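Scope of the values below: all heavy atoms of this structure, side chains included, with no hydrogens, waters or symmetry mates. Nothing here was measured: the structure is a model prediction, and the numbers come from that model.
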Amino acid sequence: MLKNKTCFIIGAGASLSLKLPSGKELLDKIWNSSHISFEFNNIDQRSTRDLEFANTIREAFLRDLISADSVNIFREFKSSLKGMPSIDDFIETRKDENITKYGKISIVHHIRASERKSDLYIKENETPIFTDNMRTSWLYSLWLLLIRGHDISTIDDIFKDSYFIVFNYDRCIEEYFSQALSATYNLKLDRVKKIISKMNIVHPYGVAGRDISETPQHMRSDFGQSLSADETIEQSNKILTYSEFVGSDIELKIQSFIENSDTAVILGFGFHDQNLRLMRTPSNNVKEIYGTAYGESEFSITQIKSALSELFPNSEPAILSKMTCEEMMSSHFRGLALYKL
């Protein structure tokens, strides 16, 4: 059980230990899959590296979702993509609707493929959630923190004092908690889904799949499941890159999460200006901040602390650690937990 109402601000670095790609890794995957060759509208399998992706792009061309005069757009990705730090930056720099569409299809394709390689992906007759590897995850520490003081009669309120702002396209957090609830408390599917639906969670840029409200009653999730070309294209319409407008209802939800919190926990977050601006509120009562600054220099940490002091003017100086998400959650467990003496 949490000591205070706590907002967890999650970036791409938090998913690395779950085998989801960093921004650079995602860019490299998209560059690699852009090695596509067509002969008379048919895929040349000899020189195409990712046949599933090439088939999806072919479908987008046939449906005129990507303009016919951009039929060799994948050549632009091969020649230019690695000049940018991320796929989002490439899309923002080019400001071309065909590049944007191709890029979003690429994002969905590779996030879903990474879900299938994640330790969270359930294969037939497997229950991977509490393997040795998964028990070293920061999500396991958070899970233990949230269930403290709860038994099966009160577990429906597990997320009452937590808020999640997740700047990732993946759904690792929802998937982890869904599996953990089912495995730990032996809950039926309908109760698991009811509890997960109570999570205060927002993905400002969308997710590469269905959210809990879109999943059929007989399914816990579609995490890691293969998508057809049509499904990949459909999902790509629902995600935004960081440069695109985030709807006012999403901004209001983000702001309400922060305004209702006393503590902020920042994990694997890049501290990009656009994302910091989304979290700016007229006023908030955040009193303490814990965060990871893995790989950052002392100078950068000073700059980040300055930005956070503007964002959270009532807080004590942020505790930013050059730790992984796993190390930080383990180290600060007692600072976040409620202890009843």
Side-chain angles (χ1 to χ4, degrees), residues 5-12 14-15 86-88 91-92 95 97 100-101 103-105 107-108 111-112 156-175 177-178 193-217 221-223 231-286 289 307-308 310-314:
K5 291 183 179 295
T6 302
C7 185
F8 295 89
I9 299 164
I10 311 297
S15 293
S86 72
I87 179 61
D88 297 69
I91 290 171
E92 166 64 11
K95 297 188 184 302
E97 63 180 28
T100 297
K101 186 63 182 176
K104 289 185 176 184
I105 290 172
I107 290 169
V108 172
I111 293 296
R112 294 298 290 239
D156 295 68
D157 296 325
I158 184 176
F159 300 118
K160 184 179 67 172
D161 293 327
S162 60
Y163 304 89
F164 296 88
I165 303 172
V166 185
F167 288 94
N168 303 337
Y169 299 120
D170 67 73
R171 299 160 296 164
C172 289
I173 292 173
E174 297 95 318
E175 181 67 14
F177 288 133
S178 293
K193 293 188 69 169
K194 181 179 179 181
I195 295 171
I196 294 297
S197 70
K198 293 182 179 181
M199 285 186 73
N200 300 302
I201 187 166
V202 60
H203 291 261
Y205 303 121
V207 291
R210 295 168 170 162
D211 64 30
I212 189 66
S213 65
E214 299 173 312
T215 306
Q217 280 300 114
S221 77
D222 66 343
F223 187 89
E231 289 170 327
T232 299
I233 292 168
E234 178 187 354
Q235 293 298 335
S236 73
N237 294 325
K238 297 162 56 179
I239 65 170
L240 303 174
T241 61
Y242 75 79
S243 63
E244 293 180 295
F245 175 71
V246 175
S248 58
D249 56 333
I250 297 294
E251 288 193 43
L252 289 173
K253 182 176 285 190
I254 291 169
Q255 292 169 9
S256 72
F257 286 3
I258 292 173
E259 288 173 351
N260 287 326
S261 299
D262 304 301
T263 300
V265 176
I266 306 172
L267 299 170
F269 188 60
F271 301 99
H272 301 301
D273 291 345
Q274 163 74 4
N275 294 338
L276 290 171
R277 284 195 294 270
L278 279 176
M279 295 187 290
R280 189 177 295 278
T281 61
S283 63
N284 66 73
N285 295 309
V286 172
I289 304 167
L308 291 176
E310 292 186 27
L311 199 61
F312 305 107
N314 299 314

Kindly indicate whether the side chain of Met279, heavy atoms from C-beta on, has any atom under 4.5 Å from the side chain of Leu308. no

Counting C-beta onward and ignoring hydrogens, is there a side-chain heavy-atom pair between Ile239 and Tyr205 closer than 4.5 Å? no

Does atom NZ of Lys160 have more than 12 heavy-atom neighbours, drawn from other residues, nucleotides or ligands, at distances under 6.0 Å? no

More than 12 heavy atoms of other residues, nucleotides or ligands under 6.0 Å from NZ of Lys253: yes or no? no

Report the distance from atom [atom1] of [X] to atom [atom2] of [Y], rounding to the nearest 0.5 Å.
X: Ile111; Y: Thr232; atom1: CD1; atom2: OG1; answer: 12.5 Å
X: Asp88; Y: His272; atom1: CG; atom2: NE2; answer: 8.5 Å
X: Ile173; Y: Ile10; atom1: CD1; atom2: CD1; answer: 4.5 Å
X: Thr281; Y: Leu252; atom1: OG1; atom2: CG; answer: 12.0 Å
X: Arg280; Y: Glu310; atom1: CZ; atom2: CD; answer: 6.0 Å
X: Glu259; Y: Lys5; atom1: CD; atom2: NZ; answer: 14.0 Å

Could you tell me if Thr241 and Lys104 have a donor-acceptor pair between their side chains, going purely by distance under 3.5 Å? no

Any idea which heavy atoms bring [X] and [Y] closest together, and the distance?
X: Ile165; Y: Cys7; value: CD1-SG, 3.7 Å
X: Arg171; Y: Phe223; value: NH2-CA, 3.5 Å
X: Leu311; Y: Leu276; value: CD1-O, 3.6 Å
X: Leu278; Y: Ile254; value: O-CG2, 3.6 Å
X: Ile196; Y: Ser178; value: CG1-OG, 3.4 Å
X: Ile233; Y: Lys101; value: O-NZ, 3.8 Å

Just do the side chain to side chain contact (heavy atoms under 4.5 Å, CB included) check on Phe312 and Ile258 with the steps written out, would you? CA-CA 9 Å; Phe312 305 107; Ile258 292 173; 3.7 Å; yes

Please answer whether the main-chain N or O of [Y] pairs with a side-chain N or O of [X] as donor and acceptor at a distance below 3.5 Å.
X: His203; Y: Asn168; value: yes
X: Asn314; Y: Asn284; value: yes
X: Asn200; Y: Ser162; value: yes

Evaluate the ring planes of Tyr163 and Phe257, with Trp represented by its six-membered ring, and classify them as parallel (under 30°), tilted (30 to 60°) or perpendicular (over 60°). tilted

